[in-house]
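See structure below.
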Amino acid sequence: MQSFQVNAILFDLDGVLVDSTPCVTRVWAQWAVEHGYDPAEVVKIAHGRRAIDTVRFVAPHLDAEAQLKELERRELADTEGMIVIPGAAQLLASIPTDRWTVVTSGTRALATMRLRVGGLPVPSKMVTADDIALGKPHPAPYLKGAKMLGFPPATCLVVEDAPSGIASAHAAGMRAFGVPTTYPAAELHHADILLRSLSQIKVHLLPARNQHHESLLVEWIT
């Protein structure tokens with residue numbers, strides 16, 4: 001068992017707390033075929049990015065805002081095969097509600113729907129694609145998440161499943177756990193710690209010391 005202390009934990013959503021891969025794959029593959037692109041390539045690009053950034057990257061000639069609305073409509077309507085990542089519910093239940101949040105490349109409506117469908121708590125404050133101008137791998141999403149919770153970035157831990165998310169966390173000055181749910185472990189080698197599953201993590205609230213606020217003890221099994 002290894003451990004360190006942090007003030008807060010920021011979770012990516014898709015691939016970390018819920019597995020919506022079947023839904024995402026279907027929606028983006030259909031979109032790719034409709035617009036004459038390779039479905040496998042588009043699906044790979046779409047994981048871990050804001051939908052609007054994917055459209056701008058793959059098809060800069062299209063109206064990205066209009067495409068975003070249509071893609072969101074399709075993703076909101078597709079929940080078949082979506083599951084909660086093993087260990088996610090137990091892990092969230094062990095963390096005080098003001099010490100964790102979700103930082104996702106999806107829209108707020110999509111994030112809220114997937115958390116609710118999975119029976120997971122919806123944080124009162126979270127960072128979504130609607131809240132930022134620059135998505136992952138830019139540090140802006142995680143910097144906003146840390147500021148929202150009220151803690152310095154260096155005292156926050158990120159849990160991610162995508163290389164772009166790990167890069168975003170590091171650019172924000174945060175440590176990052178990687179979980180190989182969406183990408184193979186070899187593509188997550190930049191993570192500070194590579195886990196097999198969320199079940200390896202245990203979190204405990206430590207009492208305040210020397211006028212400092214309480215901290216979280218994060219333990220993980222190697």
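Quick note: numbers below take in every heavy atom, side chains included, and nothing from hydrogens, waters or symmetry partners.
- Closest heavy-atom contact between Pro22 and Gly81: CG-O, 3.9 Å.
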Contacts table for residues 111-126: side-chain donor-acceptor under 3.5 angstrom, sequence neighbours left out:
residue : atom : partner : partner atom : Å
Thr112  : OG1  : Arg108  : O            : 2.9
Arg114  : NH1  : Asp14   : OD1          : 3.0
Arg114  : NH1  : Asp14   : OD2          : 3.2
Arg114  : NH2  : Glu75   : OE1          : 2.8

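- The two atoms that bring Pro180 and Arg196 nearest to each other are CD-O, 4.3 Å, heavy atoms only.
- For the side-chain hydrogen bond (donor to acceptor under 3.5 Å, both in side chains) test, residues two or more places apart in sequence or in another chain that qualify with Glu34 are Gln30, Arg74.
- When all heavy atoms of Leu206 and Glu214 are compared, the closest pair comes out as O-CB, 3.1 Å.
- Residue Leu194 is found in a hydrophobic cluster whose other members, listed by chain and number, are Ile166, Tyr183, Leu188; membership requires side-chain heavy atoms under 4.5 Å apart, directly or through intermediates.
- For Pro152 against Asn7, the heavy-atom pair with the smallest separation is CD-ND2, 4.4 Å.
- The number of heavy atoms from other shown groups lying within 6.0 Å of NE2 (His204) is above 12.
- Ion pair Asp131/Lys144 not flagged as a salt bridge, since none of the NZ, NE, NH1 or NH2 atoms sits closer than 4.0 Å to an Asp/Glu carboxylate oxygen.
- Across all non-hydrogen atoms, the minimal contact from Thr107 to Thr128 is C-CB, 3.9 Å.
- Between the side chains of Asp192 and His170, at least one donor N or O sits under 3.5 Å from an acceptor N or O.
- For the pair Pro86 and Leu198, the tightest heavy-atom approach, listed with the atom from each and the gap, is O-CB, 3.8 Å.
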